[in-house]
Amino acid sequence: MPSRAAERDPAGIGTARAIGFVAPALLLIGLFLVFPALWTLYIGITDYRLTGPAAAEPSVVGLDNFTTALADPLFGNSLWLTGLFVLGSAVIGQNALGFGLAWLLRPARPGLRRTVEAIVLLAWILPGPVVAYLWFAVLSRDGGTLGLLVGQPGTAWLVEYPMVSLIVFNTWRGTAFSLLLYSSALAAVPPSHLETARLAGANGWQTVRDAVFPHIRGHVLTNTLLISLWTANDFTPFLLTAGGPNHESEVLPVLIYRQALESGQLGYASAMSVLLLLGNLVVALVYLRLLRRRA
């Protein structure tokens with residue numbers, strides 16, 4: 001019979017060595033994740049500012065920043081716009097477009113499939129400022145490509161339809177991840193199930209609903225969680241609209257930036273960041289609950 005020590009350490013490397021192996025990873029996590037989160041939480045309960053006396057000697061104000069943020073119309077507006085941005089461009093846009101492309105490319109030749117995937121992936125891996133500049137040129141009022149194509153030159157798309165423009169932009173840019181994930185998931189669906197659905201006379205939607213979705217439900221939940229969190233924390237909208245006009249596209253990351261660096265209210269902006277983090281945690285907990293039901 002193996003001893004208790006052997007059961008606890010089947011590899012026989014010892015506790016000290018095991019700690020040595022994981023110590024670098026724990027150090028990096030603590031340095032780049034835990035410490036910034038704790039520091040943000042601390043700043044959020046102070047009146048810390050970018051300049052002035054409060055920058056040198058901030059005072060603890062408790063939960064005042066949080067209560068002020070929750071009562072601030074700008075925060076409520078940004079919260080609503082962030083939810084709309086996530087729902088439109090991530091939950092619906094990237095999910096639907098990514099799955100649609102993966103489904104259509106499933107019977108395609110490998111060369112065509114890889115070409116399309118590479119083109120879609122290019123939009124995802126390009127730096128944010130580069131992509132934002134390209135879309136600004138497309139949506140510009142002065143000689144913008146979209147205005148010329150639809151016969152409406154001079155239309156200020158980013159001013160007249162700021163959130164629609166951001167949703168379309170983020171859907172276009174972020175679809176690559178959903179496409180790759182769903183392509184991998186569809187490859188694992190048993191062909192016999194698809195053939196059975198075809199022989200039963202199921203149409204495309206019925207096949208997806210009854211034969212495909214039960215096998216990829218976990219992938220759908222994982223994809224929706226990741227792209228929702230990425231979109232909720234995305235700062236790229238600032239590069240296109242800077243939150244304007246008149247706060248009509250000011251999602252939470254943009255509002256936090258403007259409060260921190262333009263208004264200099266670092267404590268207030270940190271409190272907003274903590275509220276955004278709590279929102280992310282709620283979304284993650286909902287995902288875990290749904291995944292547990294699946295199991």
Side-chain angles (χ1 to χ4, degrees), residues 69-70 72-101 120 123-136 138-140 146 155-179 181-182 220-262 269 271-287 290:
L70 293 175
D72 189 347
L74 287 180
F75 181 80
N77 175 68
S78 293
L79 188 62
W80 158 252
L81 293 177
T82 302
L84 185 64
F85 186 49
V86 171
L87 178 64
S89 66
V91 177
I92 297 177
Q94 294 179 29
N95 253 327
L97 184 57
F99 179 83
L101 288 174
V120 177
W124 192 43
I125 63 177
L126 283 174
V130 175
V131 178
Y133 174 79
L134 294 175
W135 271 82
F136 190 84
V138 171
L139 301 174
S140 174
L146 181 59
T155 302
W157 303 99
L158 293 173
V159 176
E160 298 180 23
Y161 312 99
M163 282 308 300
V164 174
S165 299
L166 292 180
I167 288 172
V168 173
F169 160 76
N170 195 59
T171 300
W172 172 86
R173 188 189 180 203
T175 295
F177 180 81
S178 299
L179 169 61
L181 188 146
Y182 286 136
V220 173
L221 293 174
T222 301
N223 180 67
T224 303
L225 171 69
L226 293 176
I227 62 178
S228 296
L229 294 180
W230 291 339
T231 301
N233 296 278
D234 189 14
F235 185 69
T236 311
F238 179 83
L239 302 176
L240 283 175
T241 64
N246 194 28
H247 307 288
E248 291 182 15
S249 62
E250 195 174 56
V251 293
L252 272 176
V254 176
L255 176 64
I256 292 171
Y257 166 82
R258 300 187 72 172
Q259 291 293 332
L261 299 183
E262 293 183 7
M272 290 184 178
S273 299
V274 173
L275 292 174
L276 178 58
L277 174 62
L278 292 177
N280 290 337
L281 290 177
V282 170
V283 172
L285 290 175
V286 171
Y287 156 77
L290 293 174

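Residue indices begin at 1 and follow the sequence shown.
A donor-acceptor contact shorter than 3.5 Å is absent between the side chain of D234 and the backbone of W230. At distances below 3.5 Å, at least one donor-acceptor pair connects side-chain atoms of N77 with backbone N or O atoms of H247. In this structure, the side chain of R173 does not engage the main chain of A132 through any donor-acceptor pair within 3.5 Å.
Within the 4.5 Å cutoff, the side chain of L166 has heavy atoms near those of the M163 side chain. No side-chain heavy atom of Q94 sits under 4.5 Å from any side-chain heavy atom of F177. A 4.5 Å side-chain heavy-atom check between P129 and L239 finds at least one atom pair inside the cut-off. Counting only heavy atoms from C-beta outward, the side chains of V86 and V251 never approach each other to under 4.5 Å. Looking only at side-chain heavy atoms (C-beta outward), I227 and S178 come within less than 4.5 Å of each other. Contact annotation: the side chain of L281 approaches that of L278 to within less than 4.5 Å [non-hydrogen atoms, C-beta and beyond].
Distance check: M272 CE to R258 CZ gives 12.0 Å after rounding to the nearest 0.5 Å. How far OH of Y161 is from OG1 of T155: 7.0 Å, rounded to the nearest 0.5 Å. With rounding to the nearest 0.5 angstrom, the CG atom of L252 is 11.0 Å from the CG atom of L74. The distance from atom CG of D72 to atom CG of L79, rounded to the nearest 0.5 Å, is 11.5 Å. The OH atom of Y257 lies 5.5 Å from the CZ atom of F235; values are rounded to the nearest 0.5 Å.
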Go through it in stages, so that I can follow the logic: the residues are L70 and L275, the test is side-chain contact (heavy atoms from CB on, under 4.5 Å), and I'd like the CA-CA distance, side-chain angles, deciding distance and then a yes or no. CA-CA 9 Å; L70 293 175; L275 292 174; 4.0 Å; yes
side-chain contact (heavy atoms from CB on, under 4.5 Å) evaluation trace for N223 with F99: CA-CA 11 Å; N223 180 67; F99 179 83; over 6 Å; no
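Annotation for G88 and T171: closest pair O-OG1, 4.1 Å, computed over non-hydrogen atoms. Smallest separation of non-hydrogen atoms from I256 and A269: O-CB, 3.6 Å. When all heavy atoms of T175 and V120 are compared, the closest pair comes out as C-CG1, 4.2 Å. Taking each heavy atom of S249 and T241 in turn, the nearest pair found is OG-OG1, 2.6 Å. Heavy-atom minimum distance, L158 versus P245: O-CD, 4.0 Å. Closest non-hydrogen pair, G98 versus Y182, comes out as C-CD1, 3.9 Å.
The side-chain contact (heavy atoms from CB on, under 4.5 Å) test with Y287 singles out one residue from L225, T224, L226, and that residue is L225.
N170 and T236 form no side-chain donor-acceptor contact under 3.5 Å, judged by distance and modelled atom types alone.
Between W135 and F169, the ring-plane angle classifies as perpendicular under the 30° and 60° cut-offs.
No more than 12 heavy atoms of other residues, nucleotides or ligands sit less than 6.0 Å from atom OH of Y133.
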